[in-house]
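As a basis for the values below, the full set of heavy atoms in this structure was taken, side chains included, without hydrogen atoms, waters or symmetry mates. Ligands are counted one by one from 1 in listed order, and the atoms in each one are counted from 1 as well.
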Amino acid sequence: MNIILLGPPGAGKGTQAKRIVEKYGLVQLSTGDMLRAAVANQTEIGLRAKDIMERGDLVPDEVVVGIIAERIDEPDCGNGFILDGFPRTVAQAEALGDLLHKRGRKIDHVIQLEVDDEALVGRIEQRAKETGGERKDDNADTLRSRLAVYHESTAPLLPFYAAKNALKKVDGMASMDDVAVAIDKILV
Ligand code: ADP
């Protein structure tokens, strides 16, 4: 089973992805986590991505598509994966469709976590406090750019997947447990 989780920054994608990994034995593929690891290790990709991420902009499509293309060929992805933070543009979604098609694989569920923008600001501020400001992009200014980028570049994925009859919506304003129940109903 291969799943995409869609939703704005702070929608709870990472939290739900981790739970789904445990329950369904899938691998979580978070391009945000992979890019943060690349920055920490000062790899070529990390050096390229660092400033872009700190501004809250998008890393170029070919970079993230390349990362995902390599990663899904690893043996641990054989049982399926959950994409969290990818795709983030229609071009990435098209590239993903192509590369899965070439491998005889497909996306089974695209789940959108719906959350109001106002609620996100509070959630990200909370996360910044809990993690002691570990993520440089978790601050009010950068969050505003990340939200703007989400609405401009990522939200078009909603009609893109809806047109393929693949999109399922979940109320991301509900409690973490209720969101989990709603997602499980989709996945059974
Ligand atoms: P968020 O909590 O904002 O959803 P992520 O951890 O998914 O954050 O991503 C953090 C940053 O990493 C993004 O703001 C962006 O700069 C970069 N990034 C992550 N995934 C992608 C992607 N698929 N395409 C382009 N940039 C990405």
Side-chain angles (χ1 to χ4, degrees), residues 2-18 20-21 27-72 81-100 107 110-131 133-158 160-161 170 172 176 179:
N2 302 318
I3 304 170
I4 297 176
L5 275 187
L6 286 179
K13 300 186 295 292
T15 308
Q16 294 300 331
K18 289 196 172 66
I20 296 169
V21 162
V27 174
Q28 179 188 6
L29 305 182
S30 157
T31 40
D33 287 349
M34 294 179 204
L35 289 166
R36 277 186 289 279
V39 170
N41 295 325
Q42 302 188 336
T43 66
E44 202 178 310
I45 286 177
L47 296 174
R48 215 173 142 190
K50 184 170 184 285
D51 292 345
I52 301 175
M53 291 174 73
E54 283 181 15
R55 282 199 305 274
D57 283 340
L58 293 184
V59 173
D61 289 337
E62 74 272 13
V63 173
V64 284
V65 168
I67 294 180
I68 289 293
E70 271 184 25
R71 187 63 187 84
I72 61 173
F81 49 78
I82 171 151
L83 291 166
D84 146 26
F86 180 92
R88 246 179 169 86
T89 64
V90 171
Q92 291 178 18
E94 285 170 343
L96 174 67
D98 284 351
L99 66 91
L100 289 177
I107 295 295
V110 182
I111 301 174
Q112 175 195 0
L113 295 180
E114 288 186 292
V115 185
D116 306 337
D117 278 9
E118 300 88 272
L120 298 173
V121 180
R123 286 189 185 185
I124 299 268
E125 280 170 357
Q126 185 63 29
R127 178 163 79 188
K129 272 190 216 141
E130 284 165 7
T131 59
E134 174 192 309
R135 271 184 64 166
K136 288 219 175 71
D137 61 347
D138 272 352
N139 61 69
D141 281 348
T142 311
L143 176 63
R144 262 187 289 277
S145 353
R146 281 155 64 202
L147 279 176
V149 168
Y150 174 78
H151 288 296
E152 186 179 322
S153 303
T154 307
L157 289 177
L158 304 172
F160 176 89
Y161 284 118
V170 166
M176 231 157 67
V179 174

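- Sorted by chain and number, the heavy-atom contacts of ligand 1 below 4.0 Å come from Pro9, Lys13, Thr31, Gly32, Leu35, Arg36, Met53, Asp57, Leu58, Val59, Val64, Gly85, Phe86, Arg88, Gln92, Arg127, Arg135, Asp137, Arg146.
- Within 6.0 Å of atom CD in Gln126, more than 12 heavy atoms from other residues, nucleotides or ligands are found, so the atom counts as buried in its surroundings.
- A salt bridge links Asp138 with Arg146: at least one charged nitrogen is closer than 4.0 Å to a carboxylate oxygen.
- Here the CD atom belonging to Gln92 is positioned 9.0 Å from the OG atom belonging to Ser153, to the nearest 0.5 angstrom.
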Quiz item: Between Leu29 and Ile67, does a side chain to side chain contact (heavy atoms under 4.5 Å, CB included) hold up when you go through it step by step?
Solution: CA-CA 10 Å; Leu29 305 182; Ile67 294 180; over 6 Å; no

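- Side-chain N or O atoms of Arg123 include one that pairs as donor or acceptor with a backbone N or O of Ala11 at under 3.5 Å.
- Paired with Arg36 under the rule side-chain contact (heavy atoms from CB on, under 4.5 Å), one option of Lys50, Lys136, Arg135, Glu134 passes, and it is Arg135.
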